[in-house]
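Report on the structure given below.
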Amino acid sequence: MRILIVDDHLLVSDMLSAALGAEDGFVAETVGTVEDGLSRISEVGRFDAVLLDYEVPGMDGLNGLRRLLEANSGAVALFSGVANRSVVERAIDAGAGGFIPKTVPLRTLKHAIHLIADGELYLPGEFMRRASEGPAGELGLKPREMRVLGFLCEGMQNKEIGREIGVDETIIKMDVKSICRKLGVRNRTQVVIEAMKRGLL
């Protein structure tokens, strides 16, 4: 899996590139600007996933993200320690494959990269509110459904969610159907997008 890291913090990008490169099945490259990223994609073709720092030179708001998305035919995610919910929401609306905080462990990062490369949407579970008040309460989402919603954002499957929560997979399936119904959507990806729009993230 070919990964392009677009980040001008050389220590961070070099360490991340080395860490991913040491993992089986990953080949990572680093560049320091949006323009260099565009040039690299033009030279060698599409990357399976592009990790884009929000404050890298050439971003120009989110225009840099849009340009990289077009050049790479998708699979570009924000990889940042400073992006707030508003920025992430606009990035998702622009077509980003998700938001990965720089604080995630390597295991989670690998999982997120695989999701993004497969065309799925990744958001960290801690991005979700863990309460049934406010918008969640108005929608009738129960506390366990909010937990399930958080795990859905991480791209976890029903069986994995069931193990985390300690209930049977069939119960999680029912929760997912209930969440879809309450949010008025049809699938898991739409659940995440709609949850953002409704202020549940």
Side-chain angles (χ1 to χ4, degrees), residues 1 3 25 46-52 62 65-66 68-70 72-80 83-101 104 107-201:
M1 184 172 291
I3 313 300
R46 186 180 189 273
F47 285 83
D48 294 296
V50 178
L51 306 183
L52 173 64
L62 289 176
L65 168 67
R66 296 184 180 93
L68 284 167
L69 280 166
E70 182 178 357
N72 198 60
S73 299
V76 181
L78 281 186
F79 183 61
S80 173
N84 58 35
R85 189 170 75 86
S86 175
V87 169
V88 173
E89 184 171 348
R90 287 189 288 114
I92 298 300
D93 286 342
F99 164 59
I100 307 174
V104 298
R107 177 173 173 273
T108 303
L109 176 62
K110 288 160 51 183
H111 172 68
I113 288 172
H114 277 293
L115 280 176
I116 292 161
D118 288 340
E120 301 292 337
L121 184 65
Y122 175 84
L123 289 171
E126 63 265 26
F127 224 57
M128 301 298 298
R129 293 177 184 161
R130 299 302 186 186
S132 58
E133 301 175 354
E138 294 169 6
L139 292 168
L141 289 171
K142 300 174 182 178
R144 191 179 67 218
E145 290 174 341
M146 282 299 293
R147 291 189 67 195
V148 171
L149 186 54
F151 289 124
L152 289 177
C153 285
E154 295 184 4
M156 293 176 65
Q157 298 302 308
N158 293 343
K159 188 174 182 180
E160 297 172 306
I161 298 173
R163 282 200 302 264
E164 288 288 335
I165 295 179
V167 300
D168 192 79
E169 181 182 358
T170 56
I171 294 176
I172 300 300
K173 287 182 180 178
M174 292 172 60
D175 285 340
V176 172
K177 286 182 180 179
S178 175
I179 292 167
C180 286
R181 177 175 53 79
K182 290 175 180 178
L183 294 183
V185 298
R186 295 183 177 181
N187 59 51
R188 301 160 79 97
T189 298
Q190 290 177 358
V191 160
V192 178
I193 294 173
E194 188 65 20
M196 290 189 67
K197 291 180 178 178
R198 291 176 178 265
L200 300 176
L201 302 179

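Below, all heavy atoms of this structure are taken into account, side chains as well, without hydrogens, waters or symmetry copies.
- Once rounded to the nearest 0.5 Å, the distance linking CD1 of Ile116 with CG of Leu51 reads 6.5 Å.
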Verdict with supporting geometry, Ile172 and Phe151, side chain to side chain contact (heavy atoms under 4.5 Å, CB included): CA-CA 11 Å; Ile172 300 300; Phe151 289 124; over 6 Å; no
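- Note that the CD1 atom of Ile165 and the CD atom of Glu160 stand 12.0 Å from one another [nearest 0.5 Å].
- Looking only at side-chain heavy atoms (C-beta outward), Val185 and Ile193 stay at 4.5 Å or farther from each other.
- For CE of Met1, the number of neighbouring non-hydrogen atoms (other residues, nucleotides, ligands) closer than 6.0 Å is greater than 12.
- Listed here is the closest heavy atom pair of Gly155 and Leu115: CA-CD1, 3.5 Å.
- Summarising the geometry of Ala77 relative to Ile100, their closest heavy-atom pair is CB-CD1, 4.4 Å, with the distance given to 0.1 Å.
- In plain terms, the two heavy atoms of Asn72 and Phe47 that are nearest each other are OD1-N, 2.8 Å.
- In this structure, OG in Ser80 is found 9.0 Å from CG in Leu52, a value given to the nearest 0.5 Å.
- Across all non-hydrogen atoms, the minimal contact from Val191 to Ile179 is CG1-CG2, 4.0 Å.
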Steps toward side chain to side chain contact (heavy atoms under 4.5 Å, CB included) verdict (Phe79, Leu109): CA-CA 10 Å; Phe79 183 61; Leu109 176 62; 4.2 Å; yes
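- Within the structure, the side chain to side chain donor-acceptor pair (under 3.5 Å) test picks out the following pairs touching residues 107-118 (sequence neighbours left out): Glu23-Lys110.
- Distance check: Leu149 CG to Met146 CE gives 5.5 Å after rounding to the nearest 0.5 Å.
- When all heavy atoms of Leu69 and Gly95 are compared, the closest pair comes out as CD2-O, 3.5 Å.
- Contact annotation: the side chain of Asn158 approaches that of Arg188 to within less than 4.5 Å [non-hydrogen atoms, C-beta and beyond].
- With sequence neighbours left out, Lys173 forms a salt bridge (Lys or Arg N to Asp or Glu O under 4.0 Å) with no residue at all.
- Taken to the nearest 0.5 Å, the CG atom of Leu183 stands 6.0 Å off from the CD atom of Glu194.
- With rounding to the nearest 0.5 Å, the separation of CD1 in Ile92 from OG1 in Thr189 is 10.5 Å.
- Heavy atoms of other residues, nucleotides or ligands lying less than 6.0 angstrom from CD of Glu70 number 12 at most.
- Closest non-hydrogen pair, Arg46 versus Ser73, comes out as NH2-O, 3.4 Å.
- Between Asp175 and the choices Arg144, Lys182, Arg147, the salt bridge (charged side-chain N to carboxylate O under 4.0 Å, His left out) rule is met once, by Arg144.
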